[in-house]
Amino acid sequence: MRLELHKAKVRGLALDGPTRLENGLLHIDKEEALKKLLLDRRFAGLDLDLASPGDSTRIIPVKDAIEPRVKLSGGQGYFPG
């Protein structure tokens with residue numbers, strides 16, 4: 001299988017499933033994302049919220065970040081992150 005790197009412009013985020021990219025808006029299925037994250041037994045519990053520029057919220061500094069990648073075709077496998 002040949003893997004290709006594609007780039008997608010994301011102009012906004014929304015927590016409503018199913019996970020998909022439509023017209024620059026990345027829709028995220030919150031329950032699906034939390035279910036996959038909770039497979040890592042190092043987490044006792046998780047919640048997922050979104051913050052946008054201009055929102056009245058405090059965000060702690062990011063200490064570690066990974067670039068999200070996924071195979072666009074050819075199965076359900078994901079790139080390791």
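Numbers here are sequence positions counted from 1.
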- Query: Where do A51 and I59 come nearest, in terms of heavy atoms and distance?
  - Reply: CB-CD1, 3.7 Å
- Counting only N and O atoms by type, is there a donor-acceptor contact under 3.5 Å from the side chain of D40 to the main-chain atoms of L37? no
- Item | I60 side, atom CD1; R58 side, atom CZ - distance, nearest 0.5 Å | 11.0 Å
- For the side chain of T19 and the backbone of D29, is there at least one donor-acceptor N/O pair under 3.5 Å apart? yes
- Check ion pair K35-E31 (N to O, under 4.0 angstrom): no
- Note on the structure: Between I28 and A33 the two heavy atoms that sit nearest each other are CG2-CB, 4.4 Å
- CG of L46 to NZ of K36: how many Å apart, nearest 0.5 Å? 14.5 Å
- Query: Going by heavy atoms in the side chains, are L25 and L13 under 4.5 Å from each other?
  - Reply: no
- Would you find a donor on one side and an acceptor on the other, under 3.5 Å apart, between the side chain of K30 and the backbone of L48? yes
